[in-house]
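See below for the structure under consideration.
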Amino acid sequence: MLPFQNLILPDRDKIFPIYKQITNRLISLIQEGTIQPGTYFPGTRQMAHLLNVNRKTVINAYEELLSQEWVETVPRKGYRVIPELPVIKPRSFQPKNHFIPAVSGDLKYTSLVSPVEAIKITSEDIVVNDGFPDVRLAPFKEISEVYHDPVSSKKIKQLMALRDEGGLELLRESTSIFLNETRGLNISKSDIIITRGAQMAIYIATMVLVKPGDNVIVSDPNYSFATEIMVNARANIITIPVDQEGIDVDQIEKVLEKQAVKLLYVVPHHHHPTTVTMSANRRLRLLQLIDQHNLFLMEDDYDYDFHYKNSPILPLASASHNGKIIYIGSFTKLIAPSVRVGYLIAAPEIVKKAIHLKRLIDLRGDTFMEYMLAQMIIKGDLSRHINKSNKLYAQRCDLICDLLTRKLSHAVEFTKPQGGMSVWLRFRDKYPINKVLADAARNGLLLIGTTFQKKGDVNDNGLRFGFASLSEEDMECAVNILSKITK
């Protein structure tokens, strides 16, 4: 039996529950190859004794692994790692920073500007967006306290005079701690560059890595603004379909066997726009493919912190990847759409080039907002805000799914999301999405979420319906309008 008492070291001083720490560490051990497919875990009593924790804590951790499809239960034998997971060569027990290895020295960027068509919102009664946070929940009190604090004000004025080195050092340091505790990344402040939202991070990473003519793989459907960035970089775009397990890794492998690919852009957790979460089997296979074929993977984890029934899936970047994963996230989804603060995490050479490129498009960061966010993380205000928002968004998710089932099942199909701020609606063929949008607008309902149309695709005639920023009254009214126009 593995020395679990040495491999898993729960820390009671952390703000995150012990069972989540155990769950995340076991997933890491599976991803690293230390725990092989088909391996049985110790019984709950034995594991509780080994880790010096309550047996119920171990049961919760095992059940979380079960819900995330890492393990299965075998009658009279207990929990075991799913045998069908890919076999990974075991690595050292010593944790390491996976972003350290340097990358090739031929990284270049190119400057291309393409206008993005703006969506104008006029006087429609109800607006259903792509899945934005409810600005009414934004922690304005905490923000105001930082703004009016004399000590903070003096500190901010001093910091404003400093040269930007990839974001405020205090925020980079606090963000690294926050991400290490919630995502198991094992990074430091030097691995992070702070950006104006995740959008800038995607742009910078693409411009640093991709040269004209390089092959880039994206999902179909995909986050449209990410695709547009790569098109503007004059990359050759290769699209891969998405099903209920996420992006089709079999199809990715077929592409890689035939041609060289520079970059793969994926959203494994709450895929945009379909909201599906990539299965454990596909996540492990994807990690193997980027190692075998020596390509970069950009992991957009825009929606990690919002989950309702189970814990979020650990990022691909938490596993061994030899510096080949660029991890991107944002504080925007946590607070408000106009809080444009994101982050990019990568190997040192990429971070260095990213800082240089950022200066060309954003010479100075938002010192006040970055300082305020750092203080919220340090004081625990951000974690409390996440927990509060999660509870409300979970209630809204339950409500919108109940309304859709009761009043719109004749017109749409959907799978209740595990988390996030949107639900992916697939309208039946007799209700073309363009007609639905037009009819809804005429009835006072403006649907501005992502749509997808591709005959024969499982996601054809789909619409991303953002519920998080809607009141109960607005949700009911929106569904009533959709029911009315689809009768």
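Computed from heavy atoms alone, side chains included, the values below leave out hydrogens, waters and symmetry copies.
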Q: Search all heavy atoms of V458 against all heavy atoms of V242 and return the closest pair with its distance.
A: CG2-O, 3.4 Å

Q) Does the pair I328 and D301 meet the rule for a side chain to side chain contact (heavy atoms under 4.5 Å, CB included), with working shown? A) CA-CA 6 Å; I328 288 170; D301 209 3; over 6 Å; no

Q. So, the side chain of R282 versus the backbone of G246: is there a donor-acceptor pair under 3.5 Å, distance only?
A. yes

Q: For L26 and L7, run side chain to side chain contact (heavy atoms under 4.5 Å, CB included): C-alpha distance rounded to whole Å, both residues' side-chain angles, the deciding distance at 0.1 Å, then the answer.
A: CA-CA 9 Å; L26 287 171; L7 296 173; over 6 Å; no

Q) Is any side-chain heavy atom of I18 closer than 4.5 Å to a side-chain heavy atom of R12? A) yes

(Q) Please check: side-chain N/O of D291 versus main-chain N/O of Q288, any donor-acceptor pairing under 3.5 Å? (A) no

(Q) Nearest 0.5 angstrom please: N52 CG to L9 CG, how far? (A) 11.5 Å

Q: Starting at CG of L65, measure out to OG1 of T23 and round the result to the nearest 0.5 Å.
A: 5.0 Å

Q. How many angstroms lie between atom CG of L392 and atom SG of C397, to the nearest 0.5 angstrom?
A. 11.5 Å

Q) Got a second to check how far L179's CG is from T175's OG1, nearest 0.5 Å? A) 6.0 Å

Q: Using modelled atom types only, decide if a donor and an acceptor are shared between the side chain of R172 and the backbone of G167 within a distance under 3.5 Å.
A: yes

Q.
I'd like to know if the side chain of R396 and the backbone of A468 have a donor-acceptor N/O pair within less than 3.5 Å.
A. yes

Q) Can N459 and T274 be counted as having a side-chain donor-acceptor contact under 3.5 angstrom? A) no

Q. Hey, are the side chains of I217 and Y265 touching, using non-hydrogen atoms and a 4.5 Å cut-off?
A. no

Q: Tell me, with the steps shown, if R285 and E253 meet salt bridge (Lys or Arg N to Asp or Glu O under 4.0 Å).
A: CA-CA 9 Å; R285 289 188 59 206; E253 186 169 18; 2.8 Å; yes

Q. Judged by atom type as modelled, is there a donor-acceptor pair below 3.5 Å linking the side chain of E299 to the main-chain atoms of L316?
A. yes

Q: Could you tell me whether a side-chain N or O of T57 sits under 3.5 Å from a main-chain N or O of V53, the two making a donor and an acceptor?
A: no

Q. Can you name the nearest heavy-atom pair linking H270 to F306, along with the distance?
A. CE1-O, 3.0 Å

Q: Look at the aromatic rings of Y223 and H272 and report parallel, tilted or perpendicular, splitting at 30° and 60°.
A: perpendicular

Q | Shortest non-hydrogen contact from Y431 toward F427 | A | O-CB, 3.6 Å

Q. Any side-chain heavy atom of N24 sitting closer than 4.5 Å to one from Y19?
A. no

Q | Y203 OH to E228 CD distance, which is reported to the nearest 0.5 Å | A | 11.5 Å

**Q.** Any donor-acceptor pair under 3.5 Å from K333 side chain to G131 backbone
**A.** yes

**Q.** Over all atoms of both residues, closest heavy-atom pair of V341 and S330
**A.** O-OG, 3.4 Å

Q) Are the side chains of I192 and E173 in touch, meaning some heavy atoms are under 4.5 Å apart? A) no

Q | Residue H49 excluded, over 12 heavy atoms near NE2 under 6.0 Å | A | no

Q.
In the structure I gave you, are the side-chain heavy atoms of D398 and D402 within less than 4.5 Å of one another anywhere?
A. no

Q) Could you go step by step and tell me if K141 and D381 meet the salt bridge (Lys or Arg N to Asp or Glu O under 4.0 Å) rule? A) CA-CA 10 Å; K141 178 177 178 290; D381 291 334; over 6 Å; no

Q) Between the side chains of Y308 and N390, is a donor N or O closer than 3.5 angstrom to an acceptor N or O? A) no

Q) Y79 pairs by ring-ring contact (aromatic ring centres under 6.0 Å, His included) with which of Y62, F41, W70? A) Y62

Q: Quickly, which of I126, I433, L437 forms a side chain to side chain contact (heavy atoms under 4.5 Å, CB included) with L447? Name it, please.
A: L437

Q.
Please check if the number of heavy atoms outside R384 that lie under 6.0 Å from its CZ is greater than 12.
A. yes

Q: Return each pair, listed once, that meets salt bridge (charged side-chain N to carboxylate O under 4.0 Å, His left out) where at least one residue sits in residues 468-477; pairs must be two or more places apart or across chains.
A: K407-E476

(Q) Would you say the rings of F331 and Y343 are close, in the sense that their centroids are separated by under 6.0 Å? (A) yes

Q. Closest heavy-atom contact between T275 and P417?
A. OG1-CB, 4.1 Å

Q | Lys/Arg-Asp/Glu bridge criterion (N-O < 4.0 Å) met for E72, R80 | A | yes

Q: Return yes if some donor-acceptor pair links the side-chain N/O of R55 with the main-chain N/O of T44 below 3.5 Å, else return no.
A: no

**Q.** Test item: L171 and I377 side chains (from C-beta on) under 4.5 Å apart, heavy atoms
**A.** yes

Q) Should R25 and E32 count as an ion pair when the cut-off is N to O under 4.0 Å? A) yes

Q) Relative to each other, are the rings of H269 and Y304 parallel, tilted or perpendicular (30° and 60° limits)? A) tilted

Q. Side-chain donor-acceptor pair under 3.5 Å between T277 and H271, yes or no?
A. no

**Q.** Separation of D243 CG from I240 CD1 (nearest 0.5 Å)
**A.** 11.5 Å

Q: Would you check, one step at a time, whether the test side chain to side chain contact (heavy atoms under 4.5 Å, CB included) holds for R283 with L286?
A: CA-CA 5 Å; R283 291 194 295 276; L286 201 54; 5.7 Å; no

Q: Take I326 and L297 through the test side chain to side chain contact (heavy atoms under 4.5 Å, CB included) and record every step on the way to the result.
A: CA-CA 6 Å; I326 298 90; L297 184 146; over 6 Å; no

Q) Okay, side chain of R428, backbone of S409: is any donor-acceptor separation there less than 3.5 Å? A) yes

Q. Are R340 and D362 within salt-bridge range, i.e. N to O under 4.0 Å?
A. no

(Q) I'd like to know if K454 pairs up with D460 as an ion pair, taking the criterion as any Lys NZ or Arg NE/NH1/NH2 lying under 4.0 Å from an Asp or Glu carboxylate oxygen. (A) no

Q. Any sub-3.5 Å donor-acceptor pair from R136's side-chain atoms to S469's backbone N or O?
A. yes

Q) Is the shortest heavy-atom distance from the side chain of L2 to the side chain of T39 under 4.5 Å? A) no

**Q.** Minimum heavy-atom distance between T182 and L314, given as atom pair plus value
**A.** O-CD2, 4.3 Å

